[in-house]
Every structure is written in structure tokens, then in C-alpha cells.
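Proteins come first, then strands; the chains are lettered A, B, ... in the order of their sequence lines, and each starts at number 1.
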Amino acid sequence: MPVDSLERYSRQMRFPALGKAGQEALCKSTVAVCGCGALGTVLANHLARAGVGKLRIIDRDFIETHNLQRQILFDEDDVASNLPKAEAAARKLRAINSTITIEPVVTDIDHTNILALVSDADLILDGTDNFETRYLINDAAVKLGKPWIYGGVIGSEGQTMTILPGETPCLRCLIETAPPPGMTPTCETAGVLGPAVSVIASFEAIEAIKILSGARAALNPCLIMVDVWDWTFRQLKIANLLGKVDCPCCKGRKFEWLEGGQGSHTTTLCGRNAVQVAVRRDEPLDFPELASRLASFAEVRHNAFMLRFAAEGHEFTVFPDGRAIIKGTNDVTRARTLYSQFIGS
Amino acid sequence: MPVVRIPTPLRPHAGGVDKLDLAGSTVKELFDRLGEAHPALRERLFDGEELRRFVNVYVNDEDIRYLEDLETPVAPGDEVSIIPAVAGG
Ligand SMILES: [Zn+2]
């Protein structure tokens, strides 16, 4: 890369611990951002501005007005345009930094696709909002020996932890199993403050910059807990869990989420009165064809990224990969039925 | 007395308070006292006599799993924290 193209990074290169060598390492790096909601937009914003050479932005969802309070890359035009989050984020990020590569991927991360999505990445970042995907990321990262950074936020508090497989405890060393549905609050039930998300995602981003620029010695080895309302900041010592805990993942090398023994393809979207039905297809859905089939009884809108219609009191949002989000029910079986009735399988 | 810090999502089960001063010389004894005062809170943390697998307990920022688990000794002034998994984002 020519020297003057690094000029845009001059202010961070003057930070001695990063320097020119660190910047050049960032520019050569590839990062997979898993989930592009509240955490993911802050992560992607920091890393694009910092000059990470390639960002893969993976998200299954579309933008709604109630996302705008905390998902910093999106605006009202994106809601009106019915853009998927990954695509809208990519457009913003390219406007922020046209010298890097942004690769949006509109898909639901699952055990069939995660290895392909992260295998060329130097680092995996957690921008998800659920434990199912986090344990899947943990399995993939441990199996591939790649670093990843966990982050979670609810209300005014959040946690983050950096995982270097084999060197530090993994997510299952820390929390052996995900809490069952209903046992922990979600952003939909307990609310979430934008600044709390920004704090946790910014901690994730700074640890990402350390890993990518070769400054691993500066990483924080603790589980970080912050409450921005109470002004508490804690660093819990977890390093000794490695080896002490009989971890099925990083010690036993049993990758239960990756092998598909855990997780499902039809999931209720917690707190949203909606179900996602994922039916994988070899070829993308033919939206004009589907729209014409539905046209006689529903008003159908579609663009290249999604098709939306309402039927039987439910709103359907269908993606080219065959996935649908069906609003107006929490009943998985009912959702499967509706899917096969209106979309086909 | 040692103090047990209650995380926000569990405070409704502890009368709304963010910490409880409890008597005891081990983590187990503290949680026994806690269970007498707030049985619904104990139910959230324990499955029978075992801590639920998604609940972690720290004494002064150290995970009890590499100390002596529930038998970890506590002294007056020690801080015991219940750390739940945080899902959102
Ligand atoms: Zn582990």
C-alpha cells in the first residue's frame, strides 16, 4: 500500500503502541463480524475507520425503526428501503472508508455455513444477540484455533471477554451451557441503552485492534463487566479456569453446536412474537415467481434482498436463501405450517 | 459480614436490593442464609444443592470453581458476586 494512503490513519499511527507496523498489519487483516445489530454496527464502524482490510458483515435480519436507538450505522431511509442490515451496513461502511473491502452476507449463521464464513478470518467478533450463535462461534473458533471476542449487553450492563483458543478459557469454560429460554432477560423484555452497547462494543474493538496489530501482550485476560448506570467496572479473573474446568469444547474437543446436535433451524425470535423458519435451498428463491403466486390474495413488496407480504394476520419477510421471519406467532409448528402454506418447502 | 452482590435481573427476587449482608464462613453458608430470606432467588441460582450451570459465583473477583467451589471460605468484608450470562446485543 502506498505511504500516502495510510495518511488517513495518521492519528492512530502516532499512537506508539500501534505505529506504522501495527497499521499495516490492520490493513492486511480479515475480520468476520457475526451479527450486525447494536454491537455489530459499533464494531464494524470502529474497524472500518481503523482500516481493517476486509470486513465480512454477516446478519440475518432487516432494519426496523426501533433499531435506530442503538444501531449506529442505520437511519430512517434504510428502514423505508427495506434493506437487510448487512447490506445497509456495507453501504455506510463503504462511504466511511472506500479503501477497504466490505463483504455483506445476508444469512442466518448456522452449523452448515459457519466454517465457510469464518475460515479465512484472522478474528471473529460477536455482534449477536443470542447464546445459540455464540456457542456455535465458540465451537468454530476453537476448532479452527482462531481468536474471537464475546460481548453481551442488557439494560445498562454488559460483559466482554477475549478468547484465544488453547491460551485462555473459552466460552464453555466460563458458562458451560446456555440459560434456557425465559431464564435470562432479552433486550426486548428488559430494554437496552445505546451507550451501554457502545461501551462494550468499543472494548471488543480495542481488543480486536490489539490482536490484529500483533499486540497480544496488551490484551485484557479478564471477564469485563460494566454497568454504565451504576458506574461499576469489574475485571473478573478467569484465566485459571483453563485446565481447571473439564470443558467439553476446548478440552474434550466436542463441538456440539458445530455438529448440529445443538441449535435448531426454526427458532422463535425471543420477545418479538415472531418465528424464523430456515429452509435451506440450493438455489435462491425466485421472488418474481413467488410474488405472482401470492398476488391474488396479498399485497407483495420485494427488492433484491427481501420479499414481504401479510396473510392470515401474519407478516412474512422472506429472504433469497429460503429463510422467512413470520410475525404474529411464537408457535414454531404453526410457523412451519404457514411457511409451507404460503412459501412452500 | 460478607456481602453478596445481586445482579440487576435477579433483584426483583431479592426485594429489589443490590446487595445483601449475610452471615456465614463459606459461600454455601451465605447461600443457605440467602435462601431462607429469599427462596425465589435461591431457586433461580440452584438446581437442588448444585449451582445452575449458567450461573457463576465469584469471591472478590475470583471464580469459586478454581477456589473451593461452594466450600470456598469467606471472611467479613469479602464480596461475593453472582454473575449471570448476558444474552443481548
Ligand atoms: Zn473451554
Contacting moiety of Tyr58(B), where chain A heavy atoms sit under 4.5 Å
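Side chain only.
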
Which atoms of Asn56(B) approach chain A - backbone, side chain, both or neither, heavy atom under 4.5 Å
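Side chain only.
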
Closer than 3.5 angstrom, by distance alone: can the side chain of Asp230(A) be matched with the main-chain N or O of Thr232(A) as a donor-acceptor pair?
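Side chain of Asp230(A) to backbone of Thr232(A), a donor-acceptor pair under 3.5 Å: no, none is there.
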
Would you say Ile238(A) and Met161(A) make side-chain contact, with heavy atoms under 4.5 Å?
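Ile238(A) reaches Met161(A) side chain to side chain.
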
Is any side-chain heavy atom of Glu204(A) less than 4.5 Å from a side-chain heavy atom of Leu39(A)?
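Yes; the side chains approach each other to less than 4.5 Å.
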
Count the heavy atoms of every other residue, nucleotide or ligand shown that sit under 6.0 Å from CD of Glu50(B), and state whether that count exceeds 12.
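No, CD of Glu50(B) has 12 or fewer neighbouring heavy atoms, counting only those of other groups under 6.0 Å.
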
Among Asp126(A), Asn130(A), Ile175(A), Leu241(A), who wins on heavy-atom pairs under 4.5 Å with chain B?
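Highest number of heavy-atom pairs under 4.5 Å: Leu241(A).
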
Would you mind checking which part of [X] comes under 4.5 Å of any heavy atom in chain B, side chain (CB onward), backbone (N, CA, C, O), both or neither?
| X | result |
| --- | --- |
| Leu174(A) | both |
| Thr133(A) | neither |
| Gln71(A) | neither |
| Val192(A) | neither |
| Lys244(A) | side chain |
| Asn240(A) | both |

Without hydrogens or angle criteria, can the side chains of Asn220(A) and Glu207(A) be said to hold a donor-acceptor pair below 3.5 Å?
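There is no such pair (donor and acceptor under 3.5 Å, judged by atom type) between the side chains of Asn220(A) and Glu207(A).
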
Between Arg172(A) and Thr177(A): side-chain donor-acceptor atoms closer than 3.5 Å:
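Not at all, the side chains of Arg172(A) and Thr177(A) share no donor-acceptor pair under 3.5 Å.
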
If you apply the rule side-chain hydrogen bond (donor to acceptor under 3.5 Å, both in side chains), what do you find for Arg70(A) with Thr41(A), and how did you get there?
CA-CA 9 Å; Arg70(A) 65 195 183 285; Thr41(A) 51; over 6 Å; no

